[in-house]
Amino acid sequence: MQAAWGPELPLAPFFGTMGVAPPAKYGRLSSKEPREHGGNMDNKELVAGSVLFLPVWVSGANFSVATDTGDRATEKSA
């Protein structure tokens, strides 16, 4: 991507957090730790065209994604 102020920025976008509603027996959870229902995975290999299988624990599953990242190497070194 060409930045408006000049430099070209390499992009390798992916979502760091994705998952479905956890089993009801878990109650309310943070998405910080990944578990069998998903969570904060920060897996840069999960990009467009990848397939992620997650079990459905509750009706509707409530799939969610967050923390979209343009380039993990750049983000971590900043």
Side-chain angles (χ1 to χ4, degrees):
M1 179 189 103
Q2 186 69 40
W5 60 91
E8 186 166 333
L9 303 173
L11 293 180
F14 69 96
F15 285 105
T17 304
M18 57 187 103
V20 296
K25 67 181 178 182
Y26 286 1
R28 191 177 193 129
L29 294 173
S30 165
S31 63
K32 216 176 356 174
E33 298 83 19
R35 299 174 188 240
E36 61 269 20
H37 62 277
N40 186 11
M41 295 182 267
D42 280 336
N43 185 338
K44 65 182 180 180
E45 304 299 320
L46 287 171
V47 296
S50 297
V51 178
L52 173 66
F53 292 95
L54 295 168
V56 175
W57 300 99
V58 298
S59 179
N62 301 323
F63 182 72
S64 175
V65 295
T67 6
D68 53 328
T69 304
D71 178 31
R72 178 52 84 194
T74 302
E75 179 183 309
K76 288 294 186 187
S77 64

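Just the heavy atoms: all of them, side chains too, but no hydrogens, waters or symmetry mates, feed the values below.
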Looking only at heavy atoms, the pair that brings Phe14 and Asn43 closest together is CD1-O, 3.7 Å
Is it the case that one hydrophobic cluster holds both Leu54 and Tyr26, taking links as side-chain heavy atoms less than 4.5 Å apart, direct or via other members? no
Connected via hydrophobic side-chain network under 4.5 Å: Leu52 and Val20: yes
If two hydrophobic side chains count as joined below 4.5 Å and joins carry through other members, does Phe63 share a cluster with Leu29? no
In terms of heavy-atom contacts, Asn40 and Lys32 come closest through CB-O, 3.1 Å
Exercise: identify the closest heavy-atom pair between Pro22 and Gly27: CG-O, 4.4 Å
Which atom pair, heavy atoms only, marks the closest approach of Glu45 to Ser50? O-OG, 3.1 Å
Can you name the closest pair of heavy atoms from Ala21 and His37 and give their distance? O-CB, 4.2 Å
Nearest atoms (heavy-atom pairs only) where Val56 meets Val58: CG1-O, 3.2 Å
